[in-house]
Amino acid sequence: MSGYEIVSVVQKFSIISDPPGNLGIGSATCSGDKVVVSGGFRSPFRQIEVFVESSYPKSSSTWAVTFRNHGTNTAVFEAEIYAVCVHIE
């Protein structure tokens with residue numbers, strides 16, 4: 001294993017509330033032949049009806065985060081999704 005890279009992507013979400021519990025999924029993908037070893041998100045959203053349902057490796061090179069809107073209004077926010085990537089020799 002050599003060096004690491006943090007890939008981040010800012011994504012805009014607009015998760016409708018009908019039907020209740022709709023999802024928004026964001027992801028960040030490693031470049032080249034690097035593999036993802038960790039990841040997460042950052043978001044200043046202030047909507048208490050939006051919950052992070054999961055943060056997980058979607059594939060060997062992609063980290064994904066799932067947001068769920070449990071509110072009665074459309075949830076509009078931005079989130080930075082990031083992946084920590086390494087090259088495995």
Side-chain angles (χ1 to χ4, degrees):
M1 183 169 75
S2 64
Y4 73 95
E5 167 187 36
I6 298 175
V7 175
S8 66
V9 179
V10 175
Q11 295 178 327
K12 294 182 181 188
F13 294 87
S14 180
I15 308 171
I16 62 173
S17 59
D18 187 23
N22 272 335
L23 298 174
I25 301 172
S27 63
T29 301
C30 301
S31 62
D33 61 350
K34 293 181 179 164
V35 297
V36 67
V37 293
S38 184
F41 77 99
R42 251 190 303 233
S43 181
F45 63 84
R46 305 271 187 253
Q47 301 171 8
I48 62 170
E49 300 91 2
V50 175
F51 298 94
V52 174
E53 183 167 280
S54 56
S55 180
Y56 60 97
K58 185 175 181 180
S59 71
S60 63
S61 62
T62 301
W63 194 269
V65 179
T66 304
F67 300 95
R68 184 176 293 274
N69 182 4
H70 286 286
T72 56
N73 297 308
T74 298
V76 178
F77 61 96
E78 286 188 351
E80 178 183 14
I81 313 301
Y82 63 90
V84 180
C85 311
V86 297
H87 176 75
I88 306 237
E89 298 173 359

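- Note that OH of Tyr4 is 11.5 Å distant from SG of Cys85, once rounded to the nearest 0.5 Å.
- One distance of note links CZ of Phe13 with CG of Asn22; it measures 13.5 Å at 0.5 Å rounding.
- Rounding to the nearest 0.5 Å gives a distance of 12.0 Å between CD of Glu78 and OG of Ser14.
- At a threshold of 4.5 Å between side-chain heavy atoms, the hydrophobic network of Ile, Leu, Val, Met, Phe, Trp and Tyr places Ile81 and Phe77 in one connected group.
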Exercise for the section: For Glu49 and Thr72, run side-chain contact (heavy atoms from CB on, under 4.5 Å): C-alpha distance rounded to whole Å, both residues' side-chain angles, the deciding distance at 0.1 Å, then the answer. Expected result: CA-CA 8 Å; Glu49 300 91 2; Thr72 56; 6.0 Å; no
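- Listed here is the closest heavy atom pair of Ser55 and Gly40: OG-CA, 3.9 Å.
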Handout entry: Steps toward side-chain contact (heavy atoms from CB on, under 4.5 Å) verdict (Val65, Val52)
Key = CA-CA 7 Å; Val65 179; Val52 174; 4.1 Å; yes
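- Side-chain contact between Glu53 and Phe67 is absent, with no heavy-atom pair separated by less than 4.5 Å.
- No continuous path of hydrophobic side-chain contacts links Ile88 to Val7 [ILVMFWY only; heavy atoms under 4.5 Å].
- Between Glu80 and Val9, every side-chain heavy-atom pair lies at or beyond the 4.5 Å cut-off.
- Asn69 contributes a side-chain N or O that, together with a main-chain N or O of Ile15, makes up a donor-acceptor pair within less than 3.5 Å.
- Between Ser61 and Lys34 the shortest side-chain heavy-atom distance does not fall below 4.5 Å.
- Using modelled atom types, one finds no donor on one side chain facing an acceptor on the other under 3.5 Å when comparing Thr74 with Ser17.
- Taking CD1 from Ile25 and NZ from Lys58, the interatomic distance works out to 6.5 Å, rounded to the nearest 0.5 Å.
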Problem - Trp63 and Ser27: CA distance, side-chain angles, deciding distance, side chain to side chain donor-acceptor pair (under 3.5 Å) verdict - result: CA-CA 6 Å; Trp63 194 269; Ser27 63; over 6 Å; no
